[in-house]
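One structure below.
Ligands are counted one by one from 1 in listed order, and the atoms in each one are counted from 1 as well. Each residue takes its place number in the sequence, starting with 1.
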Amino acid sequence: MKEYQIASLPGDGIGPEVIDATVAVIEAAGKRFGFSPKFHRQPYGAEYYLKNKVGLPESGMRELADYDVMLLGAIGDPRVPPGPLEQEILLALRFHFDQYVNLRPALNFPNVPLPVTLPDGVDLDVVIVRENTEDLYMGMGGGGTGLFSTTLGAERGLYQLYGNLRVEMTQPLDAAFSVGFMTRPAIERVTRYAGNLARQRGEKRVVVVSKANAVPHLYGFWDKVTAEVMAKEFPDLEYSRQNVDAICYLMAMKPAGWGVVLCPNLFGDIVSDLMSGLAGGLGLAAAGNIGDGLSMFEPVHGSAPTIAGTGKANPLAAILSGAILLRHVGEKDAAAAVEKTVRDYLASGRAMPIEQGGSAVTQEVAKNVVEMLLQ
Ligand code: NAD
Ligand code: IPM
Ligand code: MN
C-alpha cells in the first residue's frame, strides 16, 4: 500500500481543531482509496515559541525536508505581538522551501449563503494565484529617529541578497520603512504557473493585479515582466490588468467570472480574503503553498483566536486544503471524492457549520464528512 509521510503542523488557535478534522478525513480517504497517510505532528506555534524563544529551529526545518508533503493549520497567538511567529514559522516555511505559488481557489457551495447573489446558473469559480516569496514580504526594513541605517538581508531559493539602507531626514521624526523587492525569475515562474492553469481551465485570459500607478518601481516591474511572459509564452491568452483597488470594487459588485487572478504577494493576501468572504466564508477557503520541493497545504484563514475551543471553527477550509494536498501527491480520485463529499454534505442540509448559520460544531462537521466519505 502506498504510504505518504505527511508533516502536520496544527499551530495556534483553531489550527489544532481544524487539523484534527482534516487528519480524520484524509485517513478515511486512505481507507477508501487504499493508501496509507502517516502523519508526523510538529510542535511549532506560540507555545513552542514562548518556551524556546525561536519559531522553528534550523534542525526542525532540515527534518521537514524529508516529508512528502505538509499540512498546516494556522499560526498566530495574542500572547505574541504580530510578526515574529508568522515570520519565523509560516513565512519561513514558504521561503525556505521556495513555495513560490500560493494557490487559492474560491468556489461557491450548495446552501451556503453569499453576501452578493450570483445570477441564476452562474457559479463562483475563481482561482487566485499569489506570488509567495517576494514583494513587501521580504522581511527587510527598519526605523529610527531622523537618521538611521539598516542592514538588509534576505535568503530565497533563487538568491541571497545583502545591502544596507541609510535614511537621513531634515526633521528628527520617528519613522519606519519596509522594502519591497521583486526579481524577474520569481515573477516569471508564477506567471507561467498562472498561464498554464488558465489554459488547463480553458480560460480566455489571465487577470493580473497591480498598483503601478502609485508604486511604479515595484509594480511597474511586475506589470512589465508578467506582460512579457504572457505575450511570449501564452499568446493564446488575453493579458488583462487591473489595479488592486479597482478589482476589489469590481469583485464586490460582481464576484463571479474572474477565472485566474495573478497577484503579487501582498495584494494576493488581501484579494483572497475578499474572495473568501464573497464565496461564503473563510471557513470554506482552501489553499496550497506550492513549490518544486516540499509543498504545504493550509486554509486561507488564520488562527481565529477568539473562537478557538468554542466549536465555531469551520473545518471545511482545512479539509478542502487536504483535498488539494491529496491531488498534489497524486491521489486524484481521493481528492475529488473529498471535494464531492464536502459539496454533498452541504447540499444534504444536514447540520450546517455554525459559520454558515447552522449548529454543527467543528467535530460534528468533520464526523459528518468522514461518515459520508466512507458510505
Ligand atoms: P483570521 O483568519 O484568523 O480571522 C478572521 C475572521 O474570520 C475572524 O472573525 C475569525 O473568527 C473568522 N474565521 C477564520 N477562520 C474561521 C473558520 N475556520 N471558521 C469560522 N470562522 C473563521 O484572521 P485574523 O483575525 O487577522 O488573524 C488571527 C491570527 O491568525 C493572527 O495572529 C494572524 O497573524 C494569524 N493568521 C495566520 C494565518 C496562517 O497561519 N496561514 C493566516 C491568517 C492570519
Ligand atoms: C495568509 C496570512 C499570512 C500572509 C500572514 C499570517 C503572514 O494572512 O496566509 O494569508 O499574509 O500570507
Ligand atoms: Mn491572509
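In summary, D292 and R189 do not engage in a salt bridge, as defined by a charged side-chain N under 4.0 Å from a carboxylate O. Ion pairing of R192 with E233 is present here, as a side-chain N (NZ or NE/NH1/NH2) and a carboxylate O approach within less than 4.0 Å.
Among E86, Q87, R94, the residue whose heavy atom lies closest to atom 12 (O) of ligand 2 is R94.
If you number the atoms of ligand 1 from 1 as listed, the ones under 4.0 Å from a heavy atom of L282 come out as 2 (O), 5 (C), 7 (O). The contact set between ligand 1 and K312, taken as ligand atoms under 4.0 Å from a residue heavy atom, comprises 19 (N), 20 (C). Set against the non-hydrogen atoms of I14, the atoms of ligand 1 under 4.0 Å away are 15 (N), 16 (C), 17 (C), 18 (N).
The closest approach of D269 to the Mn ion (ligand 3), by N/O/S atoms, is made by OD1.
Using a non-hydrogen distance threshold of 4.0 Å, P82 does not register as a contact of ligand 1.
Within the 4.0 angstrom cut-off, atom 20 (C) of ligand 1 has one or more protein heavy-atom neighbours. In this structure, atom 2 (O) of ligand 1 is in close contact with the protein, since a protein heavy atom lies within 4.0 Å of it. Within a 4.0 Å radius of atom 25 (O) of ligand 1, the protein contributes no non-hydrogen atoms. Atom 30 (O) of ligand 1 lies below 4.0 Å from at least one non-hydrogen atom of the protein.
For F267 and Y219, the ring centers are positioned less than 6.0 Å apart.
Of the polar atoms of G76, none of the N or O atoms is found under 3.5 Å from an N or O of ligand 1, judged by distance alone.
Residues L282 and M352 are members of separate hydrophobic clusters, defined by side-chain heavy-atom contacts under 4.5 angstrom among Ile, Leu, Val, Met, Phe, Trp and Tyr.
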